[in-house]
J.: 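Just passing along the structure, written as structure tokens.
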Amino acid sequence: MPTESVAVTCKVCGGRVHEFLDLGRQPLSDAFREPDSDVPEFFFRLAVGRCEACAMVQLTESVPREKMFHEDYPYHSSGSAVMRAHFASVAQRFLDTELAVADPFIVEMGCNDGVMLSTIKQAGVRHLGFEPSSGVAEAARAEGIRVRTVFFEEATAAQVRAEEGPAQVIYAANTMCHIPYPASIFRGVDALLAPDGVFVFEDPYLGDLVAKTSFDQIYDEHFFLFSGHSVRAMAEHYGFELVDVDRLPVHGGEVRYTLARAGRRAPSPAVAELLAEEDADGLSDMQTLRGFADSVLRIRDDLMELLRRLRAEGSVVAAYGATAKSATVTNFCGIGPELVSYVCDSTPAKQHRMTPGKHIPVRPPAAFRDPYPDYALLFAWNHADEIMGKEREFRRCGGQWISYVPDVRVL
Ligand code: SAM
Ligand code: TMP
Ligand code: ZN
């Protein structure tokens, strides 16, 4: 049950963080393990709370960044066709707007394998990615994209400003929420951003998390779970202003936040609309977040009951998508190979390894049909259309998908 932990202070404003959900002892969500490894796994306590002063929802414990983002970081952004199209359209939008000036320059933090910057590069526009995970950074470089294998922070951003001049756009997708040191990030943005430039980031949205009870969005890398209110407060805290927001359908529901230096741009009406919607839903209220925590426990119980019943009936249950998110599900619920025999995933760096903590074998997608399992637990539920589209034959052969978002059901 949720407990009141020892005082934890907010990584944005220093206020008191009140815990509302404890997801227990968890491994690094992307630490896929070699079957013969004898290296002890790293575990930490995954719990989430809300700052009483600025409403920022955040983990109560952070994992050292080098443990998560390194040479072997296995997540390749280009693995999804839907995400490739999404980032091509983001890039095109920047090219048509902010970058339609003389000698434009765009910087991306967490550019990964270059999924967004590839469109910028093709347009011949000056760009630079910051990507500390050298394996994926190398994949971007192989595409001709300019990347520095460093963490974006105050010193590295100031160095780029000195060497390359100011940027019209600083962009981050699924990266800002990974960073529990926002003060250094904002000082870096302040150093590198042109006076009228924009700092744009998109991350999983707390409103979607609560609406869908998608508690698997909570894991080591997702340190912050942003809302319009908490991002507005964070922007103001560091001398910026939230000037636009866009709801996005990707990754189970995200928001793209556009920040400018305070007073430099008129905020779009979409900002006030999102804040009003959050107020009407009580999104930042502790009562709402405690209600979310209760729903998480219900989903855990329903999922375990279903998996145990299927196993008792002799059905074969596999999973699809060895997502970082699924580490939270398997380790919180207690799902190992005795309940889910294997998980299929298209990422070579995850295949023939075992999932973190619960050690479910990861197999290539070809293994899925060899032969089909009776049920497939959809860990990559955020890519449901793409995956179920590819795997239509599974259903035709009598297979059934299991989802646990927004509740446990056989599809
Ligand atoms: N932007 C891509 C996308 O949306 O698919 C990649 C997202 S991936 C979940 C997060 C990336 O952020 C990782 O590649 C990681 O190495 C990188 N990262 C983490 N901290 C960073 C920092 N301080 N500066 C730049 N990149 C960082
Ligand atoms: P994500 O939810 O963090 O983007 O991770 C999705 C995982 O699912 C990633 O490991 C790649 C895998 N995947 C497949 O195996 N097949 C697919 O068609 C897609 C889109 C993803
Ligand atoms: Zn705070």
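Read the numbers this way: they start at 1 and go in the same order the structure lists the ligands and their atoms.
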J.: Output yes when E278 and R232 qualify as a salt bridge under the 4.0 Å nitrogen-oxygen rule, no when they do not.
T.: no

J.: Would you list the protein N, O or S atoms within less than 2.8 Å of the Zn ion (ligand 3), leaving out water?
T.: C10 SG, C13 SG, C51 SG, C54 SG

J.: What do we get for D345 next to ligand 2 when only non-hydrogen atoms under 4.0 Å count, side chain, backbone, both or neither?
T.: both

J.: Tell me whether ligand 2 is touched by H251 - counting only heavy atoms on the residue side and a distance under 4.0 Å.
T.: yes

J.: Enumerate the atoms of ligand 2 whose separation from the nearest heavy atom of T323 is less than 4.0 angstrom.
T.: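 By the 4.0 Å cutoff, the relevant atoms are 2 (O), 5 (O), 6 (C), 7 (C).
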
J.: Could you list the atoms of ligand 2 found under 4.0 angstrom from a heavy atom of G321?
T.: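 Close to G321: 8 (O).
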
J.: Atoms of ligand 2 less than 4.0 Å from K325 heavy atoms?
T.: 1 (P), 2 (O), 3 (O)

J.: Would you verify whether the NZ or CZ of R126 falls within 45 degrees of the ring axis of F105 while also being under 6.0 Å from that six-membered ring's centre?
T.: yes

J.: Looking at ligand 1, would I179 count as a contact under a 4.0 Å heavy-atom criterion?
T.: yes

J.: Against heavy atoms of H383, which atoms of ligand 2 measure under 4.0 Å?
T.: 1 (P), 2 (O), 4 (O), 6 (C), 20 (C)

J.: At under 4.0 Å between heavy atoms, is it the side chain or the backbone of F379 that contacts ligand 2, or both, or neither?
T.: neither

J.: May I ask you to check whether F226 and F224 place their ring centers less than 6.0 Å from one another?
T.: yes

J.: Are any of the side-chain nitrogens in E391 or R369 under 4.0 Å away from the carboxylate oxygens of its partner?
T.: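 Yes, this pair counts.
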
J.: Looking only at N/O atoms, are T347 and ligand 2 under 3.5 Å apart anywhere?
T.: yes

J.: Got a salt bridge between R265 and E98, using NZ or NE/NH1/NH2 to carboxylate O under 4.0 Å?
T.: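 Salt bridge flag = yes for E98 with R265.
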
J.: Against heavy atoms of K350, which atoms of ligand 2 measure under 4.0 Å?
T.: 9 (C), 10 (O)

J.: Does some side-chain heavy atom of M176 sit less than 4.5 Å from a side-chain heavy atom of M234?
T.: yes

J.: Side chains of R141 and T149: is there a donor and an acceptor less than 3.5 Å apart?
T.: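 Side-chain D/A pair, R141 to T149: present.
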
J.: Can you tell me if E131 has a non-hydrogen atom under 4.0 Å from ligand 1?
T.: yes

J.: Under 4.0 Å from a heavy atom of K390: which atoms of ligand 2 are those, numbered in the order shown and with their elements?
T.: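 Numbered from 1, ligand 2 contributes 16 (N), 17 (C), 18 (O).
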
J.: Would you say Y320 has any N or O atom under 3.5 Å from an N or O of ligand 2, going by distance alone?
T.: no

J.: List ligand 1 atoms under 4.0 Å from A173, heavy atoms only on the residue side.
T.: 1 (N), 2 (C), 3 (C), 4 (O), 7 (C)

J.: Which label fits F69 and H178: parallel for a plane angle under 30°, tilted from 30 to 60°, or perpendicular past 60°?
T.: tilted

J.: Are R65 and Y181 in a cation-pi setup, meaning NZ or CZ lies under 6.0 angstrom from the ring centre and within 45 degrees of the ring axis?
T.: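 Output yes; distance and angle both within limits.
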
